[in-house]
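Taking it in order: structure first as C-alpha cells, then the write-up.
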Amino acid sequence: MKKAPKKSKPRPSSPSVSALGAPVSDIEIFKIAGRLCAAQDLDVLLKEIGRVAEALTEAEASSLLLLDEDGQHLHFKTASGEKGQAVKRVTVPIDQGIAGWVARQWKPLLVPDVSRDERFLRKSDAESGFVTRSVLAVPMVMGDQLVGVCEVINKRVGDFSDQDRETLQNLANFAAVAIANAQIGSTTSSPTPSPS
C-alpha cells in the first residue's frame, strides 16, 4: 500500500513535474513518456531525458551512456552540469565503473558515497573537474536489449532514495523505447539513393 506523502513546504514546479521531491503520479509519468516518444531528434531527446531525470530526482547533474555497436563500451551521449562537455569525451569499457556494472548486471545501483566504492571511475571527475559525491544509475532496456545506462549525480539535498531509484527506472524504461524509436527514425528518414 502506498504511503501518503509527508506534508512539506511548497516547492517550485517544473514544466514536467508538479512537485519535486514528492512521489511522481502515474499521470505525470505518462505525460513525460508521451513527450519522449514523440521526439524525433535523438540529441534533443537525450537532453530532455537528462533534464527530466534531474528534475524528478533533484540531482545536480545527469548523464546518459549508450551501448556502442560492439557491445563492449558505453559512450557518454549527453552529460549535464557545468562540466558536462568534458565528460562527453569519455568512453567506458563495459567491465569498468558504476555504469559498466549496471550495464553488465541489468540492475539499478545506488552509491551514496563514491569515495567508498571501488567501481567508481575517478577519471571522469579528473578529466571534467566535476566532483561526484553520489550516483544513482539504472539500465535502459528494451525487451531483451540493453540500450544504455541513465545516471543522476549528487542529490541536491539529502541522499538518493528507493523512491528516486524507482522513479528513475520508470523513466529509463520509457527512455529506452523512445531512444530506439528515434534511432530507427533517423535511419529511415535518411535519403536513400535513387536507382539508376
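Computed from a prediction, not measured in an experiment: that's the story for all the values here.
A 4.5 Å side-chain heavy-atom check between R122 and V114 finds every atom pair outside the cut-off. Residues T91 and H75 form a side-chain contact, since some pair of their non-hydrogen atoms from C-beta on lies under 4.5 Å apart. With contacts defined as side-chain heavy-atom distances shorter than 4.5 Å, the pair L56/L168 does not qualify. Residues L66 and L74 are not in side-chain contact: their nearest non-hydrogen atoms beyond the backbone lie 4.5 Å or more apart. Residues F130 and I153 meet the side-chain proximity criterion, which asks for heavy atoms closer than 4.5 Å.
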For residues 93-108, which side-chain N or O atoms pair as donor and acceptor with protein atoms under 3.5 Å away, sequence neighbours left out?
from	atom 1	to	atom 2	distance (Å)
R104	NH1	I94	O	2.7
R104	NH1	G100	O	3.3
W106	NE1	A103	O	3.2

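There is a side-chain donor-acceptor pair under 3.5 Å between N173 and Q169.
Put simply, CD on E54 and OG on S63 are 9.5 Å apart, with the number rounded to the nearest 0.5 Å. Note: M140 CE to C150 SG = 6.0 Å, rounded to the nearest 0.5 Å. Taking CZ from R156 and OG1 from T57, the interatomic distance works out to 9.0 Å, rounded to the nearest 0.5 Å. Between the CD atom of E151 and the OG1 atom of T132 there is a distance of 8.5 Å, given to the nearest 0.5 Å.
Of all non-hydrogen atoms in P112 and L110, the two that sit nearest each other are CD-O, 3.5 Å. What you find for S62 and G50 is that their closest heavy atoms are OG-O, 3.2 Å.
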F174/I49 under side chain to side chain contact (heavy atoms under 4.5 Å, CB included): CA gap, chis, key distance, verdict: CA-CA 10 Å; F174 287 123; I49 293 167; over 6 Å; no
Report task. Quick one: do D164 and V152 satisfy side chain to side chain contact (heavy atoms under 4.5 Å, CB included)? Show the steps, please. Result -> CA-CA 10 Å; D164 292 326; V152 287; over 6 Å; no
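Applying the salt bridge (charged side-chain N to carboxylate O under 4.0 Å, His left out) test to residues at least two apart or on different chains, the pairs with a partner in residues 130-143 are E60-R133.
A search for side-chain contact (heavy atoms from CB on, under 4.5 Å) contacts involving D144 returns nothing, not counting sequence neighbours. Not counting sequence neighbours, the partners of D113 by the salt bridge (charged side-chain N to carboxylate O under 4.0 Å, His left out) test are R116. Contacts of D117 classified as side-chain contact (heavy atoms from CB on, under 4.5 Å), with partners at least two apart in sequence or in another chain: V111, R119. Not a single side-chain hydrogen bond (donor to acceptor under 3.5 Å, both in side chains) links S134 to another residue, sequence neighbours left out.
Distance alone, capped at 3.5 Å, places no donor-acceptor pair between the D68 side chain and the D70 backbone.
Contact check on R51 versus E48 returns a salt bridge, with a Lys/Arg side-chain nitrogen under 4.0 Å from an Asp/Glu carboxylate oxygen.
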